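Only a predicted model underlies this, so the values are computations on that prediction, with no experimental measurement involved. We use all heavy atoms of the structure for the numbers below, so side chains are in, but hydrogens, waters and symmetry mates are not.
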Amino acid sequence: MMQKTKKIVTFGEVMMRLSPPGHAKFSQVTSLDIDYGGGEANVAIALAYMGMKACHVTRLPDNLIGRSATQYLRHHWIDTDYILYGDSRMGLYFLEKGAVHRSSEVVYEREDSAFSKIHPEMIKWEEVLQGADWFHWTGITPAVSIGAAKSCLKAIQVANDLGIMVSGDIHSRKSLWKYGLSKQEIIPELVAGSNIVIASTYDMYDIFNIGQPDADFATSAKALQKKFPLVQKIIDKDREVISASHNRIKGKMWNGKEFLTTPFYDVTHIVDRVGTGDAYAAGLIFGLANQKDDKEALNFAAATCALKHTVEGDANMVSQEDVEVLVRGSGLGEIKR
């Protein structure tokens, strides 16, 4: 009997990315490369390339820039049927890619974007989530505006009612919380409805006052699971930064019974680090949604993350086979003929 193709729904802002070609600095160039990206959309695209059905929900400006972003998502096999349009401003971010000892730098311009003006009444979540197997959110979305936070909460509540798995990558950015409420006030209610949580010990300390920033991961994860009974697994990754061009990555998980880790992946020549956390989340979701055991899913996630460092742009565009080759350690770097 053929296995049903799993479907994921993601929700979050899509921004236009503007960056100098290659590893040039802004002061050196007279033109910029255009790309599109956003944490949750990056997850959806990565999963579409690995064979899952993926639908992304967002709000874009009602102009040619918004339509161009929609076309970008469609080009990468994303269902765009539930994208909303309104207002005229696209969220932007400017990226200067680092190399060797020079760090990458990002500048955001996302105030008053079309997405920031979204409200839960705009989205028919019961319709959007019908037939879905998984819903994914990140801590970036509720930081954008109160409307985005309420919309995300509504999606989680509907997913809970429908028995859909919910994952949340709660990493956030302090600089985004400008509408009067803090992540400590908003994110706990979202985590309460989530089954899979991606969080560092610092996140658990900072948002939930659990442990200390450098506490033992399993100990903090156990406390988080006790606080939020729906949470089944807490996941994070370790990153050793040798230089902007050379990192080492490994995954780790507390699954309610045992602490799991993966070997380090040595990424010696980074092409593009942006979106690597989203690729990690996508690999994890793919593994768990397709009945891999926890150890296999974690290894799959770490390999997916490692491969994203070799792909330009925000989103990972590698196949399930590409990831499994890396997990097995066979055929690495060979020309496929």
Got a donor-acceptor contact below 3.5 angstrom from the [X] side chain to the [Y] backbone?
X    : Y    : result
R59  : L84  : no
H119 : I146 : no
N160 : G193 : yes
S68  : L64  : no
N63  : S88  : yes

key: Residue pairs, two or more places apart or on separate chains, that pass side chain to side chain donor-acceptor pair (under 3.5 Å) and touch residues 242-251   =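 For residues 242-251: R239-N247, E240-R248, H246-D266.
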Looking at [Y] and [X], is any side-chain nitrogen of the basic one under 4.0 Å from a carboxylate oxygen of the acidic one?
X    : Y    : answer
R89  : E109 : yes
K252 : D238 : yes
D133 : K53  : no

key: Intermediate values then yes/no, side chain to side chain contact (heavy atoms under 4.5 Å, CB included), K6 and F286   = CA-CA 9 Å; K6 302 295 183 178; F286 183 89; over 6 Å; no
Do [X] and [Y] meet the criterion of a side-chain donor-acceptor pair at a distance under 3.5 Å?
X    : Y    : answer
H136 : S167 : yes
S220 : W254 : no
E185 : S182 : yes

With a 4.5 Å cut-off on side-chain heavy atoms, are [Y] and [X] touching?
X    : Y    : answer
W125 : Q157 : no
L95  : K97  : yes
Y179 : I186 : yes
L47  : M50  : yes
C152 : F11  : yes
K308 : Y280 : no
I140 : E13  : no

task = Specify whether Y72 and H76 have parallel, tilted or perpendicular ring planes, treating 30° as the upper limit for parallel and 60° as the lower limit for perpendicular.
result =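 Rings of Y72 and H76: perpendicular, over 60°.
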inquiry  = Tell me whether the rings of F208 and F228 are parallel (<30°), tilted (30 to 60°) or perpendicular (>60°).
reply    =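 Perpendicular.
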request  = Quick one: pull up CD in E105 and CD in E96 and give me the separation to the nearest 0.5 Å.
outcome  =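 Answer for the CD-CD pair, E105 versus E96, is 5.5 Å.
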CD1-CG distance between I196 and L288, expressed to the nearest 0.5 angstrom =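 Rounded to the nearest 0.5 Å, the CD1-CG separation comes to 5.5 Å.
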